[in-house]
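Here is the structure we will look at, set down as structure tokens.
Numbers restart at 1 for each chain; the letters A, B, ... are given by sequence-line order, proteins then strands.
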2 protein chains.
Amino acid sequence: MALIEQPSANRASKPRPDDGRLLRGKRSRERIRKAARELFREKGFDAATLRAIAARADMGASSIYRHVQSKHELLVLDLADLQEEAWSNFRQNDDRQSDCSARVRSFFRNQHRLLAEEPDLTVISIRATTYPEARVARRVLALNDRTIGLLAEILMQGRMRRDLDRNVDVLAAASALFHVATGARMSWANGLLTEQGCRDAIDASVELLFVGMQPRTDAS
Amino acid sequence: MALIEQPSANRASKPRPDDGRLLRGKRSRERIRKAARELFREKGFDAATLRAIAARADMGASSIYRHVQSKHELLVLDLADLQEEAWSNFRQNDDRQSDCSARVRSFFRNQHRLLAEEPDLTVISIRATTYPEARVARRVLALNDRTIGLLAEILMQGRMRRDLDRNVDVLAAASALFHVATGARMSWANGLLTEQGCRDAIDASVELLFVGMQPRTDAS
DNA sequence: CGTTCTATGCGATCCTGTTCGCTTAGATGG
DNA sequence: CCATCTAAGCGAACAGGATCGCATAGAACG
């Protein structure tokens, strides 16, 4: 459990960036991640055997576990990268002055464009959260929270600009947006929606969350 | 793949309810499901070994696969039962004259009460949908669709009563409601929300979907 | 009764993620 | 140079879900 309790005293294990062993380890990690990523893309997560990954990374299968806690983690690491990329893409094209719901839609489209290239990312990261005891589950949830946080930020700005009602609980709204998008992506992953259909469904849900379902006095 | 292509001609295999073999099979199926259900409750899905289930059902492990396509299916069968129960409970206490959002909330509370007793049901059924090629995935999605359909029905009635705006896409709204609830339950399953917190989160999301986020002219 | 067909059952086996105990290689300290 | 420590690596083994080929029992049919 507790890999390193405490360095017992001031035996302070300095990281020492020139340690040959650590460098080797780092290079191995890179090889593993590269191999995994390639094989995931080629065959999909489930068909990409750990032994195959290990072979391509030129090492024994069990050695992988020196660097990674589970196969899921290999994918979740990519998810983290990709999210980072999606966020930075979004920020670059983001116009903070534009309409709040437009920004949210742009956010999701951005994310979706990247996810669409690697369908396993969505599906497997969700699968990972169905192993609640596992470390990876927490990590995925943390990533989700960051996404939700970003959405909340957008909403918050919208609320300040009076695009949104001032009583809206932005965090609840953000997580609702997130879950709705995730749900649509699951349908897509299961072949119930085309990619376009998935995007449309997300857009529709966003729209819905913005305007609500109750009758409105002003005619549409 | 194709288990039974076609009875080749009019060799019409009548079901014959008095076939001793079929009866035996039926009894076995019952034993398996009972054993599975018990062990799932006792140890949880992941810790309940197929071999253990088989032992309790008093048969070889491989025999189980004569009656079931995968371990997931054993759980999903229960999910189907439970949903049926939740729906009938809901219908009994449902007042079709009452407010639409109240009905939706009552629907979810009903469902949640049953799910809370068997936490694996939510989690594992979601996991099952992360194996898109598998039969079980489709089945879970079909169950979800039924739930969504029921929600849509409630919304439809609300729309007729003018509780909802007449332009609302009830199906989109229903699936949004569903996904939001599922998301909250996943947080609960992962220990991020207490059971009460989960219920509250669902209520809040329902509320949000009803009123929307845009500023409203009439003061709250 | 004998033949054939099929639903059910079983043990052996496979596959794959993961763990274990041991070894190796490089660092550290004397 | 030697003792010691530790990150990294390895092959063997384990565990658990699933598959395979064969066996059995009951039905159908002549």
- Parallel, tilted or perpendicular: which fits the ring planes of B:His72 and B:Tyr131, with parallel below 30° and perpendicular above 60°? tilted
- Can you tell which of C:dT8, D:dA8, C:dG9 lies closest to the side chain of A:Ser28? D:dA8
- Taking only N and O in the side chain of B:Ser63, is any of them less than 4.0 Å away from OP1 or OP2 of C:dT8? no
Can you give each donor-acceptor pair under 3.5 Å made by side-chain atoms of residues 108-116 of chain A, sequence neighbours left out, with the distance rounded to 0.1 Å?
from: A:Arg109; atom 1: NH1; to: A:Asp203; atom 2: OD2; distance (Å): 3.2
from: A:Asn110; atom 1: OD1; to: A:Arg113; atom 2: NH2; distance (Å): 3.1
from: A:Gln111; atom 1: OE1; to: A:Arg185; atom 2: NH2; distance (Å): 3.0
from: A:His112; atom 1: ND1; to: A:Arg185; atom 2: NE; distance (Å): 3.1

- Within this structure, what is the CD1-to-P distance between A:Ile64 and C:dG17, rounded to whole angstrom? 10 Å
- Item | Contacting residues from residues 30-37 of chain B, given that a heavy atom lies under 4.0 angstrom of DNA chain D | none
- Item | Residues in side chain to side chain donor-acceptor pair (under 3.5 Å) contact with A:Arg103, at least two apart in sequence or another chain | A:Asp94, A:Gln157
- Nearest-Å distance, CG (A:Leu22) to P (C:dA25)? 17 Å
- Message: A:Thr130: which residues meet the side-chain contact (heavy atoms from CB on, under 4.5 Å) condition with it, sequence neighbours left out?
- Response: A:Arg127, B:Val123, B:Ile126, B:Arg127, B:Met186
- Item | Residues which pass side chain to side chain donor-acceptor pair (under 3.5 Å) with A:Arg29, listed by chain and number, not counting sequence neighbours | A:His67
- Check the distance between C:dT18's P and A:Glu133's CD and give it to me in whole angstrom. 12 Å
- Item | N/O donor-acceptor pair under 3.5 Å between B:Gln83 side chain and B:Leu79 backbone | no
- Query: Is any side-chain nitrogen or oxygen of B:His67 closer than 4.0 Å to OP1 or OP2 of C:dA7?
  - Reply: no
- Message: The criterion is side chain to side chain donor-acceptor pair (under 3.5 Å); which residues satisfy it with B:Arg91, sequence neighbours excluded?
- Response: none
- Query: Taking CZ from B:Arg29 and P from C:dG9, how many angstroms apart are they, rounded to a whole number?
  - Reply: 9 Å
- Query: Starting at NZ of B:Lys26 and ending at P of D:dG26, how long is that distance when rounded to a whole Å?
  - Reply: 19 Å
- Task: Nearest whole angstrom, please: distance from the C1' of C:dG9 to the CG of B:Asp58.
- Result: 12 Å
- Message: A:Lys34: which residues meet the side chain to side chain donor-acceptor pair (under 3.5 Å) condition with it, sequence neighbours left out?
- Response: A:Glu38
- Query: Who pairs with B:Asp81 by salt bridge (Lys or Arg N to Asp or Glu O under 4.0 Å), at least two apart in sequence or on another chain?
  - Reply: B:Arg33
- What string of B, S and - do you get for nucleotides 17-24 of chain D 5' to 3' if you count protein non-hydrogen atoms under 4.0 Å? BBBBBB--
- Atom-pair distance (CG on B:Leu23; C1' on C:dT8), nearest Å: 13 Å
